[in-house]
Amino acid sequence: MLRPEIGEGSMCVTYSRLDLAANPEAPYKRLHKVSARSLRKHTHMEVLPKAWALVGLLIVILKTVVCFSNGKVTQACGSMVPMHGYDPSPEPPPGNVTVDKTKFRPGDKIKVTFSAVLSGKKGHFRGFLIEARNAQNPDAGAVGSFTLLDPAISQLLMCGDREGSAVSHTSDSSKAEVQVMWTAPQDPPPSVQFLVTVVQKYKVYWVRIPGPVVCLNGSCPPPPLSTAGQATAKTTTSSRNLSHPFTSDGCGITKSCLREPAACDPQNDDLCYFLSFRKEDESVVFELSGPAPGYVSFALSKDKWMGDDDVYLCINEGSHVSVNAAYVLGRTHPVIASENVLRDTALRLADGVIQCSFRRDIRIPAPNQNRSDLDVAHYLFMAHGRADNGRTHRHDRQPLISTNPVFITGPPEDLTGSRSSLLIKFHAVFMLIAWMTTVSTGVIMARYFKPNWPETTLCGQRVWFQFHRALMLVAVILTCIGFALPFIYRGGWSKRAGSHPYLGCTVMALAVIQPIMALFRPAPDSSRRYIFNWLHLGTGIIAQVIAVVAICLGIHQQALLLPAPWSTGVLAGYVVWFVIADLVLEVHRRGLFPIGQFFKHFEVHTENIQTEDKEEILFVPSENKSCIKGPCFKEVVLVVYLCGNLAFLTILLGTIGGV
């Protein structure tokens, strides 16, 4: 729910590596297509691998430029307004439009020139859009077609159903003049006027600069009452400043509220994200508040996925706040609406908290097709993020999404929401249980409890082995389920999750390899048993280490962003807890731990280890088993470890449930 980062001085949209969120596949597909065509034409087969490697490196390192900086501005054909979210400049344009003929017949060609008339930077421009319109009805669409005179700086666009009905720039380089050739259609209107939109900088542009009117057969009808070609600006309304912050009084009684943390009050809590709305006659009054460096926003969506949504943004412009209606088509960045449908706007900016309120009619008539009717159920999205000079970036956190669809005009409700999908939460829960509890406990059982219960069997197998095998089997099952959930949620691979999914795939592979390896282990008295022991130990250690790193990265993903830094501290505490338990048991196994000093009232004796392996993975000649008249020392350590382990796990699971 953000507007894209716009390249300076052109009708363009640029996405940095962090801004590929809304439509991550489009730039890659475009670059793939262009690169493949270029390689087939200009390279030999033997250099393809190197060329593709270079393309991949450019994708990772460079900023990807998509769509508008190369002049593909077909969505602006109708209004000829750049989707920059600012009013056209009130200053005189940097150039004018001229033609080489003032009359025409069907099929005639006319040279159209837009050239700078000022000197210096003020006499140059970067982006442009040229169209020919019916002078009597300039909003009826483009007329005729163009051919290029300088393909290096201009290109043809398809506006409506006619190819070449408009001309735009090919790059955001500085230009002083552009020339094109216009061809009259076979059924032309009585008079045609050439209109030019010019972008000098992101915030500085002129819309539909009027050019000369050319007449069919030299005879022009009288001009319409409204002057054709005048620059069309957004409809704006005056805004007032809020004298005091919003309040949660009346939530669920006189107005509906969605807020985070739950039950917070924006009047007293500077960290409260707050959205309220109430119906008044045939309109709805919205209040939006939240701490953000650049903007706060909300959207009305038909589902829990971004796309085809009605968006509203309150942007920090430095000294004031601007309120904009926008929309998104597919998984793209929002486009600022050219028509402002908001009334009674009020603004406030204090202590880093952005607040704005506005009124919107329940139903908006055509041509505002991107505005949602408020008497239809929608999911509510609430997001915030950074903005530079009015340009918004991708939201800092996953949007807060209402739990259920909401009727904006319905009875007041105190709404609930979450920033994480239930599938992603279960993914985290399964992985934490598997790798924090079952795997670590299974490892301790196999490493230190082989000598215990020597005369006891469980279903025909040693007790330690049955516990180890059961715990590891549970861990593999939980890992498989948890591994599948993000793919179900995303519908495929996520390109914005960094290295976390790659590490997760590695852990998944190692988790499956371990039981397969165990099925083919040699007999305990086999001369090759030590090979299995080392491989099994090494694979397990590597899997544990990678799993911990993956979990550390996972709890800071936008899809499941746990509070930092204390959630990382809890996870680090668990790791330290496991290492301490492992060290205590290892020192005790080697007979270095002075048990007698701590348990003088217990009788302590030692016995030789009897393991199922003739040769230990790590050579230890004998082990002091602290058998105590009462509980054994190792069992006490195991119980204490499990209590601490469950405490860390419970804290993390409770935190996941609260996001």
Side-chain angles (χ1 to χ4, degrees), residues 17-18 60 397-398 419-421 423-444 446-447 471-472 474-487 489-490 493-515 517 534-583 586 641 644-656 659:
R17 283 175 292 171
L18 295 178
V60 174
R397 295 180 60 190
Q398 193 83 348
R419 293 188 183 270
S420 297
S421 164
L423 289 178
I424 295 299
K425 290 183 178 182
F426 274 113
H427 162 72
V429 168
F430 287 148
M431 290 302 189
L432 287 175
I433 294 175
W435 292 93
M436 281 185 63
T437 303
T438 57
V439 168
S440 61
T441 306
V443 167
I444 289 176
R447 191 174 296 172
L471 288 169
M472 291 307 182
V474 171
V476 172
I477 294 174
L478 291 176
T479 301
C480 290
I481 297 174
F483 179 79
L485 293 179
F487 290 95
Y489 170 69
R490 292 289 184 187
W493 185 268
S494 175
K495 296 182 178 179
R496 295 173 21 233
S499 58
H500 175 72
Y502 298 97
L503 296 176
C505 290
T506 304
V507 171
M508 181 72 247
L510 295 176
V512 173
I513 288 173
Q514 282 288 73
M517 189 188 306
W534 280 106
L535 287 177
H536 198 61
L537 173 67
T539 304
I541 292 176
I542 292 172
Q544 274 189 286
V545 172
I546 296 177
V548 170
V549 176
I551 291 173
C552 288
L553 296 176
I555 62 177
H556 297 300
Q557 293 290 321
Q558 277 220 357
L560 185 72
L561 187 61
L562 300 189
W566 76 269
S567 59
T568 305
V570 172
L571 188 59
Y574 151 73
V575 175
V576 172
W577 184 251
F578 173 76
V579 171
I580 291 175
D582 189 72
L583 286 176
E586 182 65 29
Y641 166 74
N645 180 283
L646 292 175
F648 287 115
L649 180 64
T650 302
I651 293 173
L652 288 176
L653 296 184
T655 306
I656 291 172
V659 296

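The first residue in the sequence is number 1, and the count goes up from there.
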Listed partners of F578 passing ring pair (Phe, Tyr, Trp, His ring centres under 6.0 Å), at least two apart:
none
Measure the [atom1]-[atom2] distance between [X] and [Y] for me, rounded to the nearest 0.5 Å.
{"X": "L535", "Y": "M517", "atom1": "CG", "atom2": "CE", "value": "5.5 Å"}
{"X": "I542", "Y": "L537", "atom1": "CD1", "atom2": "CG", "value": "9.5 Å"}
{"X": "F430", "Y": "L485", "atom1": "CZ", "atom2": "CG", "value": "6.5 Å"}
{"X": "I433", "Y": "L649", "atom1": "CD1", "atom2": "CG", "value": "6.0 Å"}
{"X": "L562", "Y": "S420", "atom1": "CG", "atom2": "OG", "value": "7.5 Å"}
{"X": "L510", "Y": "T506", "atom1": "CG", "atom2": "OG1", "value": "6.5 Å"}

How far apart are the C-alpha atoms of L432 and I656, what are their side-chain angles, what is the distance that settles it, and do they pass the side-chain contact (heavy atoms from CB on, under 4.5 Å) test?
CA-CA 11 Å; L432 287 175; I656 291 172; 3.6 Å; yes
Using the rule given for side-chain contact (heavy atoms from CB on, under 4.5 Å), can you reason through Y641 versus I580, listing the C-alpha separation, both sets of side-chain angles and the distance that settles it, and then say yes or no?
CA-CA 9 Å; Y641 166 74; I580 291 175; over 6 Å; no
Looking at every heavy atom in both [X] and [Y], which two are closest together, and how far apart are they?
{"X": "C552", "Y": "L571", "value": "SG-CD2, 3.2 Å"}
{"X": "M472", "Y": "G442", "value": "CE-C, 3.9 Å"}
{"X": "T479", "Y": "A511", "value": "CG2-CB, 4.4 Å"}
{"X": "M508", "Y": "C480", "value": "CE-SG, 3.1 Å"}
{"X": "L560", "Y": "K425", "value": "CD1-CG, 4.2 Å"}
{"X": "I424", "Y": "A559", "value": "CG2-O, 3.8 Å"}

Does OH belonging to Y502 count more than 12 external heavy atoms closer than 6.0 Å?
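No.
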Got more than 12 heavy atoms from elsewhere within 6.0 Å of OH, Y489?
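Count over threshold, so yes.
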Can you find a pair of side-chain heavy atoms, one from H500 and one from Q557, that are under 4.5 Å apart?
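Yes - at least one pair of side-chain heavy atoms lies under 4.5 Å apart.
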Any chance you could lay out the side-chain contact (heavy atoms from CB on, under 4.5 Å) test for V507 and M431, step after step, and finish with the verdict?
CA-CA 10 Å; V507 171; M431 290 302 189; over 6 Å; no
Sort and list the pairs that fulfil ring-ring contact (aromatic ring centres under 6.0 Å, His included) and have at least one residue in residues 535-571, not counting sequence neighbours.
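Listed once each, the pairs are F532-H536.
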Test side-chain contact (heavy atoms from CB on, under 4.5 Å) on C505 and W493 and set out the steps.
CA-CA 11 Å; C505 290; W493 185 268; 3.7 Å; yes
